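Working notes, beginning with the structure itself.
These figures come from a predicted structure and were not determined experimentally. One-based numbering along the sequence shown.
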Amino acid sequence: MRLLLAAAVLSLAACSGGNDKTDGATEAPAKPHAASLYESGIAPLFANACATCHLTGTEAGNLSLVPARAIENLVGVKSTEVPGLVRVQPGEPDQSYLIMKLEGTHVQNGGTGAQMPFGAPPLPPEVIARVRLWIEKGATP
């Protein structure tokens, strides 16, 4: 009988899931964090293709593109090369100087310097399309 009682108590404890609430409410299991477009595709791009030159913000363009600082240095920030343009205009990739630099259209839009990434082949079209999509969706972290 004691064995049966002990089994019943353990079973009841297991069913409650260790929930200390006394109102009978249960907590939903935590959902795994889904990586944002920035975390999964844009931050790694900045880290691997951009931050090697744009590390501290004292380099060309006075721009740090390490993933932890890239958004604050790009989104809604006026271009230092072309008055009237923004580095990244959320929702407007064609009005974003970053896209112009990546696509090599910056000079015809009043910019200077080389297509980015500097000293490397241009990014593949599918990578630039991912940056465009990020900007179209609001350029959020």
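- Atom CD in E81 sits 7.0 Å away from atom NE2 in H106 (nearest 0.5 Å).
- Heavy-atom minimum distance, A47 versus A51: O-CB, 4.0 Å.
- Two residues are said to be in side-chain contact when any heavy atoms from C-beta on lie closer than 4.5 Å; L123 and L45 meet this criterion.
- E136 has its side chain within reach of L133: a pair of non-hydrogen atoms, C-beta onward, lies under 4.5 Å apart.
- Under the 4.5 Å side-chain contact rule for hydrophobic residues, V66 and L74 do not share a cluster.
- In terms of heavy atoms, G111 sits closest to Y97 at CA-OH, 3.2 Å.
- Connection of I135 to V127 is established within a shared hydrophobic cluster, with ILVMFWY side chains joined at heavy-atom distances below 4.5 Å, either directly or through further cluster members.
- Between Q115 and V107 the shortest side-chain heavy-atom distance does not fall below 4.5 Å.
- Closest non-hydrogen pair, S96 versus E92, comes out as OG-O, 2.9 Å.
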Run the numbers on L63 and R87 for side chain to side chain contact (heavy atoms under 4.5 Å, CB included), then give the verdict. CA-CA 10 Å; L63 177 62; R87 290 175 173 168; 3.3 Å; yes
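- With a 4.5 Å cut-off on side-chain heavy atoms, M116 and L98 do not count as touching.
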Could you give me the CA-CA distance, side-chain angles and deciding distance for D94 and R132, then say whether side chain to side chain contact (heavy atoms under 4.5 Å, CB included) is met? CA-CA 8 Å; D94 289 328; R132 283 182 154 279; 2.6 Å; yes
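- H54 has its side chain out of reach of N73: every pair of non-hydrogen atoms, C-beta onward, lies at least 4.5 Å apart.
- Note: the hydrophobic cluster containing L85 does not contain V75 (ILVMFWY, side chain heavy atoms under 4.5 Å, direct or indirect links).
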Checking side chain to side chain contact (heavy atoms under 4.5 Å, CB included) for the pair N109/T105: CA distance, chi angles, key distance, verdict? CA-CA 7 Å; N109 286 289; T105 60; 3.9 Å; yes
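- Here the side chains of P67 and Y38 are in contact, with some heavy-atom distance below 4.5 Å.
- The two residues L65 and C50 come nearest to each other via the heavy atoms CD1-CB, 3.7 Å.
- V82 and I99 are assigned to two separate hydrophobic clusters, defined by single-linkage of ILVMFWY side chains at heavy-atom distances under 4.5 Å.
- Counting only heavy atoms from C-beta outward, the side chains of Q95 and V86 never approach each other to under 4.5 Å.
- Scanning all heavy atoms of the two residues, the minimum distance from R69 to T56 falls at NH1-O, 3.7 Å.
- The backbone N or O of E39 lies less than 3.5 Å from a partner atom in the side chain of S36, making a donor-acceptor pair.
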Would you please test L102 and V131 for side chain to side chain contact (heavy atoms under 4.5 Å, CB included) and show each step? CA-CA 9 Å; L102 294 177; V131 177; 4.1 Å; yes
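- The shortest non-hydrogen separation linking S40 to A35 is CB-CB, 4.1 Å.
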